[in-house]
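Notes for the one structure printed next.
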There are 2 protein chains.
Amino acid sequence: MELELRTLRYFVAVAEELHFGRAAARLRMSQPPLSRAIKRLETEAGALLFERSSAGVALTPVGVVLLAEARDLLDRAGLAGTRMTAAAGRAVLTVGILGDSGDPDAARLARSYRARHPHVEVRVREAGLSDPTCGLRAGPVDAALTRAPFDGTGLEVREVRADPVGALLRADDPLAGRAGLTLADLAGRDWFRFPDGTDPHWQSYWHGGRPRRGPVVRAVQECRQAVLWNGTVGVTLVGHDPGEGLTVVPLTDMAPSRVVVTWRAGETDPLVRSFVRAAIAAHRA
Amino acid sequence: MELELRTLRYFVAVAEELHFGRAAARLRMSQPPLSRAIKRLETEAGALLFERSSAGVALTPVGVVLLAEARDLLDRAGLAGTRMTAAAGRAVLTVGILGDSGDPDAARLARSYRARHPHVEVRVREAGLSDPTCGLRAGPVDAALTRAPFDGTGLEVREVRADPVGALLRADDPLAGRAGLTLADLAGRDWFRFPDGTDPHWQSYWHGGRPRRGPVVRAVQECRQAVLWNGTVGVTLVGHDPGEGLTVVPLTDMAPSRVVVTWRAGETDPLVRSFVRAAIAAHRA
DNA sequence: CTGCGACGATACCCGTGGGGTATGGGGGAG
DNA sequence: CTCCCCCATACCCCACGGGTATCGTCGCAG
């Protein structure tokens, strides 16, 4: 009898819903694996835990006993976790994100991470667009949720997602109606660009692989202004509302922008490691 | 923080041994996965649980807290299992085995199964050699630990092991000194054989694929007598002491004898299912 | 100082199990 | 009788947990 808490969580969900489908939804999984897990639990227990009939699902007497035990165990397990994290004391984790154009899921990630690690004070530090590492090397940032590519020496980088990119244009631009563009279509235009000294990989990517002329920007708002006022163009993400008077046309010959989580190589702080795990898991879902 | 009991068992083992290698041995696993599991636990916890130094392994203050919590949880989990099985009430499971030539691990299996399911009364019913299903179809046997091949219609069969076989000979037989034999070497001999009506697959296997002449046997002891008194031969398992005056020479052209666990197809009794699982697990180890 | 042994960490591979989707089947309601 | 609801089954696939081999480090002995 090797009970596992995950199985008990499944069992409690079914026992409370008395409906496999709803329990599965509550557990954010599909119904068949749940049925299978319960059946396996019944096998281990050596007794049926639920009475399945056309009238529905009902707990057997053995199931009633297990339900009480399982709830107790799960409560205590939660308490144990809380006590342990309390013993670990408070801690601070500073996460860098990439300005307002950064990952839109960052807030969701921070929330879920805080829920899982209530003892950790998570500080989010927004960097401008011109530093893809968000000051990871120099500053107090412990981990960054940012975008590739950049110079990764001394850092660990793990890709979590890739987003398609497009050209940011004025809505009245001659090219604005096109379904898709190539970099060649934008030849000769002024591009908004990043300050000198910015990571070369980073510049090269957002400039479509070529040096560009045009106004220097440090934040998304400046990009918008540059396009609106000067008619410059530039690369941005598709799928978000570009704002009044602007439009985004997919660039068909540019590699998607890779969202990554990065941290200092050889980092030993478990907080950083757990944040990285959470970030990867959050993006997988 | 999604604690799992297995991880806590690992943690407790390391915390008690203060030595990853010994803890791994106690857990019957190798050391690297254990190190990894502990590291992952530390990551989830957001704190180091052990202080690794050249002096050895020591618990951190957080580890001390978790150790107390973990022991408590594991104890309660064990209790929960006991209460549940108690609630399930007593039950009877009848297991058929294949006479004294059956699986030598059957006793071990029965012991471990009884330990895991103390509420189940396990009755072991020894069949003769002439019924590979041990009366599973007709009789009160719920599951059988036997050997293939036999007619499996209406039964579920799962192989758990395969044993090499050899020829059972008198120690003074001219062939007794050989390191290995083929079926051709035994051509023309009388073989001990099974009664008429015995499962044809079964007969065919033990007779080396050919009809044989010779005395009928129903138990291992009769096989020994047939060989000792009449100079007949037959197929048996290698690796067990054949008894005084007898010897076993490996048969190089016979397929190994497959140990299987079998039960009635469509069986719903969780006891039977759990026994099958236990049997498979026991033989895997 | 250097070779060696002990021990935990790392790298890598593989099989299983737990997750998914698609489908079956049985039992009520209309 | 047909449809629908709902749990079970069948099948696939990837992640993870397990394994072996090897490394890095540190203490110790010669």
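Note that the structure is predicted; figures quoted are calculated from it, not measured. Letters A, B, ... mirror the listed sequences (proteins, then strands); counts begin at 1.
- Side-chain proximity of B:Phe20 to D:dG17, C:dG19, C:dA9: nearest is C:dA9.
- Side-chain atoms of B:Leu48 and B:Val62, non-hydrogen and from C-beta on, never get closer than 4.5 Å to each other.
- To the nearest angstrom, P of D:dC6 lies 15 Å from CG of A:Leu34.
- One atom, CG of A:Leu41, and another, P of D:dA8, lie 13 Å apart when rounded to the nearest Å.
- Counting only heavy atoms from C-beta on, A:Pro32 has its side chain closest to D:dA10 among C:dT10, D:dA10, C:dG18.
- With C:dG19, C:dA9, D:dC7 as the candidates, the nucleotide lying closest to the side chain of B:Arg52 is C:dA9.
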Step-by-step side-chain hydrogen bond (donor to acceptor under 3.5 Å, both in side chains) determination, B:Arg147 to B:Ser257: CA-CA 7 Å; B:Arg147 291 178 179 275; B:Ser257 169; 2.9 Å; yes
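- In this pair, B:Phe11 and B:Phe50 present their aromatic rings tilted. The plane angle is within the 30 to 60° band.
- Nucleotide C:dG15 holds its P atom 18 Å from the CD1 atom of B:Ile280, rounded to whole Å.
- Remark: C1' of D:dG19 and CZ of B:Arg28 are 16 Å apart, rounded to the nearest angstrom.
- Residue B:Gln31 contributes atom CD, which lies 17 Å from atom P of D:dG17 at whole-angstrom precision.
- Here A:Ser30 reaches the OP1 or OP2 of C:dG20: one of its side-chain N or O atoms lies under 4.0 Å away.
- In this structure, B:Tyr113 has its ring center under 6.0 Å from that of B:His117.
- Across all strands, B:Tyr10 comes closer than 4.0 Å only to sugar-phosphate atoms, never to a base (heavy-atom distances).
- Taking only side-chain nitrogens and oxygens, A:Arg40 comes nearer than 4.0 Å to OP1 or OP2 of C:dG18.
- The side chain of B:Lys39 places no N or O atom within less than 4.0 Å of a non-bridging phosphate oxygen (OP1 or OP2) of C:dG8.
- Residue A:Glu17 contributes atom CD, which lies 12 Å from atom P of D:dC6 at whole-angstrom precision.
- You'll find the side chain of A:Trp263 stays beyond 4.5 Å of the side chain of A:Val157, heavy atoms only.
- Taking the side chain of A:Met29 as heavy atoms from C-beta on, and the options C:dG20, D:dA8, C:dA9, the nearest nucleotide is C:dG20.
- Closest-nucleotide positions on DNA chain D for B:Ala37 and A:Gly56 were compared, and the one nearer the 5' end corresponds to A:Gly56.
- Using a 4.0 Å cut-off between charged nitrogen and carboxylate oxygen, A:Glu69 and A:Arg71 do not count as a salt-bridge pair.
- Each of B:Gly21 and B:Arg277 was matched to the nucleotide of DNA chain C holding its nearest heavy atom; the match closer to the 5' end belongs to B:Gly21.
- A close approach under 4.0 Å does occur between a side-chain nitrogen or oxygen of A:Ser35 and OP1 or OP2 of D:dA8.
- Between C:dG19 and A:Arg6, a contact under 4.0 Å exists linking OP1 or OP2 to a side-chain N or O.
- Spacing between atom CZ of B:Arg36 and atom P of D:dA15 amounts to 14 Å, rounded to whole angstrom units.
- If you find the closest nucleotide of DNA chain C to B:Arg22 and to B:Pro33, the one lying nearer the 5' end belongs to B:Arg22.
- Checked against C:dA9, D:dA8, D:dC6, the side chain of A:His19 finds its nearest nucleotide in D:dC6.
- Rounded to whole angstrom, the span from the CD atom of B:Glu51 across to the C1' atom of D:dC26 amounts to 16 Å.
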